[in-house]
Number of protein chains: 2
Amino acid sequence: MAYRPTARTEATRLAHRERLLDAARQLLAEGGYQAASISALARRAGVATGSVYNHFASKQELLAAVFRHVAGHELDAVREAVRARSSAGEQLRALVEVFSYRALHSPRTAWALLAEPVDPLVEEERLTYRRGYHLLAETVIVAGITSGELPPQNAQLSAAAVIGAVGEALLGPLSPVGARTDPEPVVESITELCLRAVGAKSA
Amino acid sequence: MAYRPTARTEATRLAHRERLLDAARQLLAEGGYQAASISALARRAGVATGSVYNHFASKQELLAAVFRHVAGHELDAVREAVRARSSAGEQLRALVEVFSYRALHSPRTAWALLAEPVDPLVEEERLTYRRGYHLLAETVIVAGITSGELPPQNAQLSAAAVIGAVGEALLGPLSPVGARTDPEPVVESITELCLRAVGAKSA
DNA sequence: CCATGATCTGAACCTCGATTCATATCTTCT
DNA sequence: AGAAGATATGAATCGAGGTTCAGATCATGG
C-alpha cells in the first residue's frame, strides 16, 4: 500500500468544500436558489461539476449545508444579542431589532432564508431554524413571566407569533420587488408591536 | 358549415373544467402540490392527460386557478365575518378567529395555502391573497385608530404583523407532522395576543 | 345521414439540469 | 522513481414530468 490521506490533503479538501459553500452563499445572495445550479456553482468555485459530488452527496445536501451555515450564523448573532441583555423587555427588543436589521441589510439572503420556495430537504432546515428562533423567544418570554415582568400567557404560542409577526412585517420591504425604505422606523414599529403583543410596557 | 358550440356543449365544457378544479382541490387537500401531478389529476377527474390542456394553458395556470378559488373562498369568509362586526376590536377578533378555525379545520389545505413551497406563478397568487388579508386588517386598524379605539401606529406594518403572527402561530398545529390539539385555547391565545399587539383592550 | 369543426385521447416527445463514470491528475509512501 | 490510493475532470447519460399532436370520437346544422 502507498497512500493514506494526511493533514495536508484533508486541509485542501476542507478548503475546496469551503469554496463550494462560499460560492453557493454568493449565488444565493445574488439570485436565490434558482441561481444556485450545480454548473454555475462549480464555475464560480473554479471546479468541475463532477467535483461537487466529491464533497456533497447531492445538490439538496449542499443547499442544506449552506442554509445551515448561513442561518446558523444569523441565529447565533441574535442569540448573542439576547444574551447581552437582562430584562425580558430588553431581550425581546434585541431579538427583534438584531433580526430585523440584519435581514434588511442582506435582503436577498434573508428572503431566501425566510420565504423563498425550496426543496423539501432545505425546507426542513428552515423549519429547524424557525424552531430555533421560537425557542429563543419562548425562553425569553418564560423568564419574563416568571419574573413578573410579563403577564401569564401561552409562551410557546406567543413566541411563534412574535417570530411570525417580525418575519411577515419584513417580507414587504424584503421581497425582491420591495422598495428600499429607511429601516429604522420600520424596525422601531415592529419592535413596539411585539413588545405590546407579549404584554411588556414598551417605553 | 355545420357546427358551432352551443349552450349545451359550453355547459359540458364548464363541467369538465370544474371537475378538473375539483380533482386538483382534492389532491391538494390530500397530499399538497406534490400530489397534484397532471397524470394523477387527469386520472382523478376521469379524463386523459392531454385533455387538461383543453382547459388550462399549463399546469401552473391550473394550480393558480385552484389556489385563487380556494384562497378566495377563505378570504371571503373572513371578510364576511369582519363585516358583520362594528368595533375594531370585535372585527379583529373575528378576523383572527375565523381565519384560524377554518385553517385548523382543513390543515392540509391551509398548509398548502400558507406555507408549502410552490411554483413562482402560484407563489404570486399567494402574495396577492396575503396582501388581501393585510389590506383587510389594515382597514380595520385604520378605522380603529380614527375612532380612537386603537392608539396611533403604522397600520400597514401592524396589519402585516398580525397576519404573520396568526400564520406562524398556526403553522405548528398545521404542519404535516403537527400533533392534533384542541383548537379553542390556541385560537383564544392568538386572538388575545393580536389584540394586545395593536393596542386594543382585550377583555 | 353527412359534412364540419370542436373536443378528447394517451403514447411519444422534449427539456433541463442533476448525476454518473471512464479517464487524467495528484499525493503519499517505500 | 514507481505503485497505489484518492481526488478532479467534464462530456455523456438519465429521469421525471410537463407538453404536444395525429388520429379517434362526438356534437351540431343542413
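Letters A, B, ... mirror the listed sequences (proteins, then strands); counts begin at 1.
- Judged by distance alone, with hydrogens and angles left aside, the side-chain atoms of B/Ser147 form a donor-acceptor pair with the main-chain N or O of B/Gly144 at under 3.5 Å.
- In this entry the distance linking CZ of A/Phe56 with C1' of C/dA18 reads 16 Å, nearest Å.
- Rounded to a whole Å, the CD atom of B/Glu61 is 15 Å from the P atom of D/dG18.
- A donor-acceptor pair under 3.5 Å links the side-chain atoms of A/Gln91 to the main chain of A/Arg85, judged by distance alone.
- Rounded to whole Å, the distance from CG on A/Leu14 to C1' on D/dT7 is 15 Å.
- A/Gln153 places a side-chain N or O within 3.5 Å of a backbone atom of A/Pro151 that can act as its donor or acceptor partner.
- B/Asp119 contributes no side-chain N or O that, together with a main-chain N or O of B/Val122, makes up a donor-acceptor pair within less than 3.5 Å.
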Give each protein N/O atom lying under 3.5 Å from an N/O atom of nucleotides 6-9 of chain C, with the pair distance.
residue, atom, partner, partner atom, Å
C/dC8, OP1, B/His16, ND1, 2.6
C/dC8, OP2, B/Asn54, ND2, 3.1
C/dT9, OP2, B/Ala48, N, 2.9
C/dT9, OP2, B/Ser51, OG, 2.7

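- For B/Tyr53, the listed nucleotide lying nearest its side chain is D/dT20; candidates were D/dT20, C/dT19, C/dT28.
- Environment of CD in B/Gln156: sparse, with no more than 12 heavy atoms of neighbouring residues, nucleotides or ligands closer than 6.0 Å.
- Between the A/Tyr129 side chain and the A/Leu75 main chain, no donor and acceptor come within less than 3.5 Å of each other.
- Both B/Arg8 and B/Ile38 lie near DNA chain D, and the one whose nearest nucleotide falls closer to the 5' end is B/Ile38.
- In this structure, the CG atom of B/Leu121 is 15 Å from the P atom of D/dG18, given to the nearest Å.
- Remark: P of D/dA8 and CZ of A/Arg17 are 13 Å apart, rounded to the nearest angstrom.
- Rounded to whole angstrom, the span from the CG atom of A/Leu20 across to the C1' atom of D/dT7 amounts to 13 Å.
- One interatomic measurement links the two molecules: NZ of A/Lys59 to P of C/dT20, which rounds to 15 Å at whole-angstrom precision.
- Rounded to whole angstrom, the span from the OH atom of A/Tyr33 across to the P atom of C/dC16 amounts to 24 Å.
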